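Working notes, beginning with the structure itself.
As the structure is a computational prediction, the values presented were derived from the model and not from experiment.
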Amino acid sequence: MNRTRRRSATVLACATAMAVLPAVSAAAAPAQARPCVQKVAVVNNAGFVLSWAPATRDGEHLAPTDDYPINQTRTVDLSATSLPQGTDVRPYVEAVGGVSEFGTSYVSYCDNGQTATYTVTGTTLDYSVTLLT
């Protein structure tokens, strides 16, 4: 087969394959967040005292941790909560004497012993809550 016929056959095969692929809806439900973890930890690397609570996509907030200072961590084991496996969560951090912020991304709850760690950096009125990868 010459080069032109091969190229035409390849283009036709690709076009045929694309025609049978299902359309993806723009309004599709969000996929389960990654990583999938059992525990969520928040490290205080900020210049203030904070507390945090796991927050779900539908706005539910679980019980918050105690207030804790810089260079400390608090971990919540999601298996000890009422959340069902597969629920997406992220930290909702409250700075004592400052503003509140959500974590940059969600993780999904799976009863697997793994831990997702977020770090808080900044000051009471301007800080971020970032998932470490």
Could you check if a side-chain atom of [X] sits within less than 4.5 angstrom of a side-chain atom of [Y], using non-hydrogen atoms only?
X      : Y      : result
Val40  : Tyr118 : yes
Tyr68  : Leu50  : yes
Pro91  : Val42  : yes
Asp111 : Tyr109 : yes
Gln38  : Leu78  : no

Co-membership, hydrophobic cluster, residues [X] and [Y], 4.5 Å side-chain:
X      : Y      : value
Leu132 : Val120 : no
Leu125 : Val93  : yes
Val43  : Val129 : no
Tyr106 : Leu62  : no

Looking only at non-hydrogen atoms, find the nearest pair between [X] and [Y] and report the distance.
X      : Y      : value
Asp67  : Arg74  : O-NH2, 4.4 Å
Leu131 : Ala116 : CD1-CB, 4.0 Å
Glu94  : Ser100 : CG-OG, 3.3 Å
Pro64  : Ala53  : CA-CB, 3.8 Å
Pro54  : Ala63  : CD-O, 4.1 Å

[atom1]/[X] to [atom2]/[Y] distance, rounded to the nearest 0.5 angstrom?
X     : Y      : atom1 : atom2 : result
Thr56 : Arg90  : OG1   : CZ    : 10.0 Å
Ser79 : Lys39  : OG    : NZ    : 7.5 Å
Thr75 : Trp52  : OG1   : CH2   : 7.0 Å
Arg34 : Cys110 : CZ    : SG    : 8.0 Å

For [Y], does its backbone N or O pair with a side-chain atom of [X] as donor and acceptor, under 3.5 Å?
X      : Y     : value
Thr117 : Ala41 : no
Thr81  : Leu83 : yes
Arg57  : Asp88 : no
Asn44  : Gln72 : no
Gln114 : Val37 : no

Should Tyr127 and Val99 be marked as a side chain to side chain contact (heavy atoms under 4.5 Å, CB included) after you check the CA-CA gap, both sets of side-chain angles, and the distance that decides it? CA-CA 9 Å; Tyr127 64 93; Val99 297; 3.7 Å; yes
Below 30° counts as parallel, above 60° as perpendicular, anything between as tilted: where do the rings of Tyr92 and Phe102 land? tilted
Evaluate the criterion side chain to side chain contact (heavy atoms under 4.5 Å, CB included) for residue pair Asn71 and Asn45; output intermediate values, then yes/no. CA-CA 6 Å; Asn71 295 331; Asn45 288 322; 4.1 Å; yes
